[in-house]
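Letters A, B, ... mirror the listed sequences (proteins, then strands); counts begin at 1.
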There are 2 protein chains.
Amino acid sequence: MAKESFNTYSYLLDRTNRRIKQFAQKRFKEESFDITVDQWLVLKSLNQENDQNQSELAEQIGKDNPTLTRIIDLLCKKELVERRQLPSDRRCFTLHLTDEGKQKMEEWAPKVAEIRMKAWENLTEKDYEDLKRILNTIYQSLEI
Amino acid sequence: MAKESFNTYSYLLDRTNRRIKQFAQKRFKEESFDITVDQWLVLKSLNQENDQNQSELAEQIGKDNPTLTRIIDLLCKKELVERRQLPSDRRCFTLHLTDEGKQKMEEWAPKVAEIRMKAWENLTEKDYEDLKRILNTIYQSLEI
DNA sequence: TAACAATAATTAGTACAACAAATATATGAG
DNA sequence: CTCATATATTTGTTGTACTAATTATTGTTA
């Protein structure tokens with residue numbers, strides 16, 4: 001294949017990724033979910049596993065610490081998440097959904113699952129598997 | 001498949017996309033290419049086809065106009081690109097590589113092609129085809 | 001114990017993404 | 001011609017990404 005073509009794949013990937021976010025964000029707005037897609041990712045992770053500190057959570061969702069700090073700041077301001085000082089290591093906070101956060105998660109989760117599913121509706125089971133494998137192969141080829 | 005899994009695919013796609021950009025950016029820096037990956041995309045398009053106005057170019061590279069305006073601003077500041085007023089329609093600019101821009105393109109293009117290729121080196125021809133098909137299917141499922 | 005390295009989180013600075021709204025100009029219908 | 005509409009671009013705002021620097025704390029070791 002011509003070298004030039006590889007630019008095209010990067011472009012397709014970028015474009016598709018953007019549209020997935022864009023679509024979800026638009027639907028979030030329509031449903032009056034007052035969060036971004038990335039904020040959703042954080043809430044979802046905290047809902048599955050409380051007591052994570054920021055570094056663990058950052059690793060979990062694949063974002064860096066400064067980015068996560070800001071997402072957490074925003075979620076705290078919305079009173080969906082709270083930081084708790086860890087007495088055993090005063091450098092750390094553990095992160096927790098507030099009661100309101102838990103309630104919103106119950107309310108939002110089924111609808112979000114539906115919205116997120118939309119992207120994949122015209123793919124076969126084999127397509128999912130192939131996509132997963134291909135993306136992971138790329139990811140590992142670029143180990144930093 | 002459980003609905004919850006679909007979140008995972010979005011996550012994989014986002015993560016891989018980020019790493020592709022991240023990798024290219026890091027290599028750009030090592031090679032002292034003083035541009036971002038998105039700026040590269042613009043230069044590349046202009047190198048192939050001069051005389052585009054901003055709206056055409058935005059469409060071409062799949063970014064919206066405000067985003068492109070700012071990328072062009074930066075490239076103009078670096079004196080790689082210039083805006084030329086179109087006498088026949090004074091709302092438009094056509095965009096052109098400067099001499100320095102053309103020179104840099106010649107210098108950078110082969111190396112950039114190599115860098116971009118790195119992501120795909122462990123995939124087969126069939127993988128490329130599958131990936132392209134799958135990404136386009138997703139893109140079209142989310143027509144906005 | 002004092003000095004040094006490592007870690008958790010934050011902050012600052014720059015850039016891009018997405019969206020809405022504003023501005024300037026052009027075009028078409030009447 | 002004039003008004004409404006459309007088009008090209010810019011501006012403002014919020015959020016995310018990456019780098020580098022900073023603060024506070026903990027761990028290590030001479």
What is the distance, to the nearest angstrom, from the [atom1] atom on [X] to the [atom2] atom on [N]?
| X | N | atom1 | atom2 | value |
| --- | --- | --- | --- | --- |
| A:N65 | D:dT22 | CG | C1' | 14 Å |
| A:Q22 | C:dA17 | CD | P | 11 Å |
| B:E30 | D:dT19 | CD | P | 11 Å |
| B:D34 | D:dT19 | CG | P | 15 Å |
| B:R91 | C:dT25 | CZ | P | 10 Å |
| B:D73 | C:dT14 | CG | P | 16 Å |
| B:K29 | D:dA17 | NZ | C1' | 14 Å |
| B:Q54 | D:dT7 | CD | C1' | 13 Å |

Residue whose nearest DNA chain D nucleotide is more 5′ - A:P87 or A:V37
A:V37

Cluster question for you: counting only ILVMFWY and a side-chain heavy-atom cut-off of under 4.5 Å, with indirect links fine, are B:L46 and B:L41 together?
yes

Is it the case that the side chains of A:N53 and A:R91 hold a donor-acceptor pair, with the cut-off being a distance below 3.5 Å and no angle test?
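Their side chains do not contain a donor-acceptor pair, so the 3.5 Å distance test is not met.
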
If we count only N and O atoms by modelled type, under 3.5 Å, do the side chains of B:Q52 and B:T94 hold a donor and an acceptor together?
no

For A:E79, is the CD atom crowded, meaning more than 12 foreign heavy atoms sit under 6.0 Å from it?
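At most 12 heavy atoms, drawn from other residues, nucleotides or ligands, come within 6.0 Å of this atom.
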
So what does [X] touch, heavy atoms closer than 4.0 Å: a base, only the sugar-phosphate, or nothing?
| X | result |
| --- | --- |
| A:L68 | nothing |
| A:Q85 | nothing |
| B:T67 | base |
| A:R70 | base |
| A:D38 | sugar-phosphate |

So which heavy atom on B:L43 is nearest to which on B:W108, and how close?
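Nearest pair, atom of B:L43 first, then B:W108: CD1-CZ3, 4.1 Å.
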
The side chain of [X] is closest to which nucleotide in this list: [options]?
| X | options | value |
| --- | --- | --- |
| B:K63 | C:dC19, D:dC18, C:dA17 | C:dA17 |
| A:D64 | C:dT11, D:dT19, C:dC19 | D:dT19 |
| A:T36 | C:dA9, D:dT9, D:dT16 | D:dT16 |
| B:P66 | D:dT11, D:dA17, D:dG15 | D:dT11 |
| A:C92 | C:dA8, C:dA15, C:dA20 | C:dA8 |

Look at the side-chain N and O atoms of [X] and state whether any lies under 4.0 Å from the OP1 or OP2 oxygen of [N].
| X | N | result |
| --- | --- | --- |
| B:Q39 | C:dC16 | yes |
| B:T69 | D:dT9 | no |
| A:R18 | D:dT16 | no |
| B:K21 | D:dT16 | no |

Any N/O donor-acceptor pair, B:R19 side-chain to D:dA17 base, under 3.5 Å:
no

Whichever of A:Q25 and B:D89 has its nearest DNA chain C nucleotide further upstream toward 5':
A:Q25

What side-chain donor-acceptor pairs closer than 3.5 Å can you find for residues 65-72 of chain A, not counting sequence neighbours?
residue: A:T67; atom: OG1; partner: A:D64; partner atom: OD1; Å: 2.5
residue: A:T69; atom: OG1; partner: A:Q54; partner atom: NE2; Å: 3.4
residue: A:T69; atom: OG1; partner: A:N65; partner atom: O; Å: 3.0

